[in-house]
Amino acid sequence: MHTILRQADTEAIRQAARLLLADETVAVPTETVYGLAANALSDVAVRKIFEAKGRPQDNPLISHIASMEMLPMVVRSVSECAYRLAEAFWPGPLTIILPRARGLADAVCAGLDTAAVRMPAHPAARALIEASGVPFAAPSANLSGSPSPTTAEDVLADMDGRIPLILDGGPCDVGVESTVISLVGAEPVLLRPGRITAGQLQQVLGRPAVLSNAVLHPLEQGEAAASPGMKYKHYAPKAEIMLIKGSLDAYKTYVETHLEEGVYALCFTGEEQTLPCPCVTYGRADSPEEQAHELFSALRMLDAHGARLAYAHCPAQQGVALAVYNRLLRAAAFHVVEVS
């Protein structure tokens, strides 16, 4: 298959819409990361996502809509809490899990009776939904388990020859996937942190969302993934990642005493000047939004440099930084070293 990379102009979006309606997959920019889109109402189309990515079939997908009128195509009931969250954060990087609609493709839900849905803010993503008239299911447009793509060039590196079309809408604004909250139980549950924080959700809901154990820990043996991004190892470059939790001085000492050939430091911007090995930075220590924006590009850069092992200086664990920490935990397969 020949993969075409096109600027996300009106004609390219029309071409992408035709492909979606013909049960093909296309890569599309969103404000979070680039997504690999297929018609969420077609099992034939959705299966092509799993084939292109090499993604396990038990990992559910998020469906994307362009208006509230499209919600019944994805979910069968919408709670008052869901409406409040949608009013506050849509279009934007928040995914809400609700009871699934019957017309949604089974492959989207991975055997669950729930569906994940969001309304993206990126104009190209919204234009594609409107042009096709159907919601699209879309995980990140990368090979399964590798760092998510935040540019069209990242998508091409992973998907060249696997999909017919990539829409280039420029670099993604947010840089990590959407926040995911489940509203199907007695309490709201935060399944995946993102740019919309737990504090922002609580402000709208009037009560805190329960933090899923799977945000900071691996899934239990046999436990089903209720949301994308909950698998044991995810977002990982070819280089081994080891997460180092501690002060800059303690981090520097650890790196100095564990230097080997092929070792890199994945550190905050400015710290590279004090470290005794090659470095890749992923934003300033005091800017979790910058960390989120830079993280996946930094992980891909480690592979471009031929790193064998990277010691990652651990971010904070609240607010937007919790999303960065969650992604690094999975990239490191939960290999964390605490230093002091």
Set out, in order, the CA-CA distance, both residues' side-chain angles and the distance that settles side chain to side chain donor-acceptor pair (under 3.5 Å) for Thr95 and Ser178, then state yes or no.
CA-CA 6 Å; Thr95 293; Ser178 59; 2.8 Å; yes
Glu24 vs Arg18, salt bridge (charged side-chain N to carboxylate O under 4.0 Å, His left out): CA-CA, chis, key distance, verdict
CA-CA 9 Å; Glu24 294 294 342; Arg18 290 192 295 270; over 6 Å; no
Can Leu275 and Cys267 be said to form a side-chain contact (heavy atoms from CB on, under 4.5 Å), step by step?
CA-CA 9 Å; Leu275 294 167; Cys267 60; 3.8 Å; yes
List the steps and the verdict of salt bridge (charged side-chain N to carboxylate O under 4.0 Å, His left out) for Arg300 and Asp158.
CA-CA 11 Å; Arg300 286 177 176 265; Asp158 279 13; 3.2 Å; yes
Apply side chain to side chain donor-acceptor pair (under 3.5 Å) to the pair Arg162 and Thr25, showing each step before the final yes or no.
CA-CA 9 Å; Arg162 293 173 175 265; Thr25 57; over 6 Å; no
Please report the C-alpha distance between Thr274 and Glu271 in whole Å, then the side-chain angles of each, then the deciding distance to 0.1 Å, and finally whether the side chain to side chain donor-acceptor pair (under 3.5 Å) criterion is met.
CA-CA 6 Å; Thr274 70; Glu271 293 179 351; over 6 Å; no
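Hydrophobic clustering, with ILVMFWY side chains joined whenever heavy atoms are under 4.5 angstrom apart, keeps Leu112 apart from Ile181. The same ILVMFWY cluster, assembled from side-chain heavy atoms under 4.5 Å apart, contains both Leu205 and Leu211. Val339 is not connected to Tyr325 by any chain of hydrophobic side-chain contacts under 4.5 Å among Ile, Leu, Val, Met, Phe, Trp and Tyr, and they are in different clusters. Following chains of ILVMFWY side-chain contacts shorter than 4.5 Å, one can reach Tyr34 starting from Leu295, so the two form part of one hydrophobic cluster. No path of Ile, Leu, Val, Met, Phe, Trp and Tyr side chains, each step under 4.5 Å between heavy atoms, connects Val337 with Leu328, placing them in separate hydrophobic clusters.
Between Asp113 and Arg76 there is a salt bridge, since a side-chain N of the basic residue sits under 4.0 Å from a carboxylate O of the acidic one. A salt bridge links Arg327 to Glu177: at least one charged side-chain nitrogen sits closer than 4.0 Å to a carboxylate oxygen. Taking 4.0 Å as the cut-off between side-chain N and carboxylate O, Glu31 and Arg195 do not count as a salt-bridged pair. For the pair Glu51 and Lys48, the salt-bridge criterion is not met [side-chain N within less than 4.0 Å of a carboxylate O]. Between Asp106 and Arg100 there is a salt bridge, since at least one side-chain N of the basic residue sits less than 4.0 Å from a carboxylate O of the acidic one.
Counted by atom type alone, Thr32 and Arg118 present one or more donor-acceptor pairs between their side chains at under 3.5 Å. If you check the side chains of Arg6 and Gln15, you find a donor sitting under 3.5 Å from an acceptor. Asn39 and Ser132 form no side-chain donor-acceptor contact under 3.5 Å, judged by distance and modelled atom types alone.
Between Glu294 and Thr281, every side-chain heavy-atom pair lies at or beyond the 4.5 Å cut-off. Looking only at side-chain heavy atoms (C-beta outward), His335 and Leu329 stay at 4.5 Å or farther from each other. Side-chain contact check for Val155 versus Asn142: every heavy-atom pair is 4.5 Å or farther apart. Under the 4.5 Å side-chain criterion, counting only non-hydrogen atoms from C-beta, Leu183 is in contact with Ile96. Inter-residue side-chain proximity for Leu143 and Lys53 is flagged as unmet; no heavy-atom pair is nearer than 4.5 Å. Looking at Asp173 and Glu289, their side chains never come closer than 4.5 Å, going by heavy atoms from C-beta outward.
Counting non-hydrogen atoms of neighbouring residues, nucleotides and ligands closer than 6.0 angstrom, the CD atom of Glu87 reaches no more than 12 such neighbours.
Considering Tyr264, Phe268, Tyr254 in turn, Phe268 is the only one that fulfils the ring-ring contact (aromatic ring centres under 6.0 Å, His included) rule with His313.
Leu104 and Val108 make their closest contact through CD2-CG1, 4.0 Å (heavy atoms, listed as atom of the first residue, atom of the second, distance). The two residues Ala88 and Val204 come nearest to each other via the heavy atoms CB-CG2, 3.7 Å. Of all the heavy atoms in Val176 and Ala292, the pair that sits closest is CG1-O, 3.7 Å.
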